[in-house]
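Below is one structure, written out as structure tokens, with a few remarks after it.
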Amino acid sequence: MALHNSEIADRFDRLADLLEIEGANPFRVRAYRNAARTVRGYPRSMADLLADDVDLTELPDIGDDLAKKIEGLVSNGELPLLDEVEERTPPALSELMKIQGLGAKRVRALHEAINIETLEDLRAAVESGQVRAVEGFGEKSEDKIRRRLKKFSGKDERIKLSEAEQIAAPLVKYLEKANGLKEIVVAGSFRRRKETVGDLDILITAKTKNNVMEHFTSYEDIEEVASRGETRSTVYLRCGMQVDLRVVPQVSFGSAQHYFTGSKDHNIAVRKLGIKKGYKINEYGVFEGDKRIAGETEKSVYASVDLPLIPPELRENRGELEAARENQLPDLVRLEDLRGNLHTHTDATDGRNSLKSMAAAAAEFGLEYLAITDHSKHLKVAHGLDEKRLKQQLQAIDKLNDELSGIRLLKSIEVDILQDGKLDLADSVLEQLDLVLCAVHHKFDLSKQKQTERILRAMDSPHCHILAHPSGRLINRREAYDIDLEKILEAAAARSCAVELNAQPDRLDLTDEGCRMARELGVKVSIAADAHSARGFDTLRFGVDQARRGWLEADDVLNTRPLKALLEILKR
DNA sequence: GCCGTTTTCGGCCCGACTGTTTTCAGTCG
């Protein structure tokens, strides 16, 4: 089985670390890191690209040499240069660089001075006070390393966007009380609405910045103030979250927002455009020589390099700069464009509230229609509906539709896709419904080929309107099942089947890249709350965030249609 | 090692903070 993109990227990153420790040309090191980022973020696997005879040097930051190395890794999993480097430099040194405050130079110093090779070596050296004796280190460095070692788990921890919101909200509320504060924005991946967030980057403009810093570092949830300066401070909260606060003057607000929103790749690309025009772009503004020519608003920063404002969700250097230059930026879908929700559970299966209260909550939320999609009989753990109970529900829906005004309930079901790709209910049952949602809920571990075929077979059913949560992943909890998403989306396009973007914050399934692929293939996407309670419609906004990251416009989204148009589409 | 609207060589984003050293390298975002 060929290496995944992430595995190839990890190899390049490790190689970069070890080369850096050895003191290699820093630009060569950067080249490997850039390549790692390109490969890791690429929507298709390197193996697939090679199978399709794609020239890898067409990918950004991949030249002849790295293309050959990727080919080697795909064909036999080998990267001879890495083996060579690991012969002379202990591989575990690359792990040490993950400790905050330890970079290549200091890791090397520790290795040369007191023969540190592993995390265990480092722990022992810290405890015996050897580290402080190494040149360039001291007592404070040793203490810091000790604290970081205690918390270090080995993997980089990113939390779900929804959880980050819960941490950010009270902090922002607290910061707003600071004297002299003018504007505050949570930037970084939080503002780009990425599905997971690593740390919080908060940007403030203020008259008297010292008061703001003082106020910030006095926040009660802070466990440690890692650094504190005039314009920038870094703290760790008790929950482990790192928070960076930057204070800039009002005239720099736009360029600072742009800079701290990122992504890093996007910023670098914009700066390069600036350089071409003879400008220097930093967090304080756009400068021609010493003269500030832009920076109070983000719009002015983009305008300085002849671009329209690019929405934060698109700033990943995945083609948005090129699209902006050609005036081809998508007009991204908004929450208010959604007219209905096509994935809803009631207390008939694993939902918490009754049909009636779900309908009332949806109407209250402003929706025009609501598909009731309880589970089917195979999903016993959710008390899935059999033919008889489904019939009862359909009658209840008819009755309720007669009583309700302002919202229409659609008769539907989330029918299980069985292991062989058949659906859990007979055609004669499904054909009575307005809408059928198909989903995989068991046998997650089939091979890629079998899992893909299973889903393709399900989509062959004339009744399958929407493929729900296509990959089955749960962020930070369960990997996606192994599927060929491109094949599935191509099949969906051919059958006029839609795919779901499940808006649950721990699903967000499709991914942003998946949305983009769907759009390019002409597959409509249903942004669905998968509501299990009357309060469950609020998750739609996370779905919209993800859809925006996936370049979706209102027209790409199935449930932006008015009811009449939707019903037309469902007839097919 | 990559890259090119100054293109096959000579650049490669830019600034803040810390700790150790004593004028700045290392690290980070």
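In what follows, every chain begins at residue 1, and chains take the letters A, B, ... in the order their sequences are listed. Note that the structure is predicted; figures quoted are calculated from it, not measured.
Nucleotides B:dC13 and B:dT18 place their P atoms 26 Å apart, quoted to the nearest Å. Going from the P atom of B:dG15 to that of B:dT22 covers 27 Å, rounded to whole Å. Across the C1' atoms, B:dC24 and B:dT20 are found 9 Å apart, a figure rounded to whole Å. A distance of about 23 Å separates the P atoms of B:dT5 and B:dG1, rounded to the whole Å. To the nearest whole angstrom, the two P atoms, one in B:dA16 and one in B:dG10, are 32 Å apart. B:dC2 and B:dT6: their P atoms are spaced 23 Å apart (whole Å). B:dT21 and B:dG26: their P atoms are spaced 13 Å apart (whole Å).
Using a cut-off of 4.0 Å between Lys/Arg side-chain N and Asp/Glu carboxylate O, A:R44 and A:E486 are scored as salt-bridged. A salt bridge links A:R228 to A:E214: one of the charged nitrogens lies within less than 4.0 Å of a carboxylate oxygen. A salt bridge is defined here as a Lys NZ or Arg NE, NH1 or NH2 lying under 4.0 Å from an Asp or Glu carboxylate O, and A:R40 with A:E7 fails to meet this definition. Between A:D306 and A:K277 a salt bridge is recorded (basic side-chain N to carboxylate O distance below 4.0 Å). A salt bridge does not link A:E288 with A:K291: none of the charged nitrogens is closer than 4.0 Å to a carboxylate oxygen. Look at A:E479 and A:R473 and you find no salt bridge, because none of the NZ, NE, NH1 or NH2 atoms lies under 4.0 Å from a carboxylate O.
Using a 4.0 Å heavy-atom distance criterion, A:N25 is classed as a base contact. Within the nucleic acid shown, A:R271 comes within 4.0 Å of at least one base atom, counting heavy atoms only. Residue A:P60 is in sugar-phosphate contact alone, with no base atom involved, counting any heavy-atom pair closer than 4.0 Å across all strands shown. Counting non-hydrogen atoms under 4.0 angstrom, A:A35 reaches nothing in the nucleic acid. Across all strands shown, A:Y284 has heavy atoms under 4.0 Å from sugar-phosphate atoms exclusively, and none from any base. Residue-level contact check: A:K68 touches neither bases nor backbone, having no heavy atom under 4.0 Å from any strand. Across all strands shown, A:K280 has heavy atoms under 4.0 Å from sugar-phosphate atoms exclusively, and none from any base. Residue-level contact check: A:E139 touches the backbone only, with heavy atoms under 4.0 Å from sugar-phosphate atoms and none from bases. When heavy atoms are screened at a 4.0 angstrom cut-off, A:I99 is found touching the sugar-phosphate backbone but no base atom.
Here B:dT8 sits opposite no nucleotide as a Watson-Crick or G-U wobble pair (both hydrogen-bonding atom distances under 3.5 Å).
Taking every nucleotide of DNA chain B with any atom under 4.0 Å from a non-hydrogen atom of chain A, the first and last of them, 5' to 3', are B:dG1 to B:dG29.
Sequence order on DNA chain B of the closest nucleotides to A:Q242 and A:Y279 puts A:Y279 first from the 5' end. Taking the nucleotide of DNA chain B with the nearest heavy atom to each of A:D65 and A:S141, the more 5' of the two is matched to A:D65.
In the model, A:Q130 has no side-chain atom that pairs as donor or acceptor with a side-chain atom of A:E142 under 3.5 Å.
Scored by the salt bridge (charged side-chain N to carboxylate O under 4.0 Å, His left out) test, A:K194 finds no partners at all (sequence neighbours excluded).
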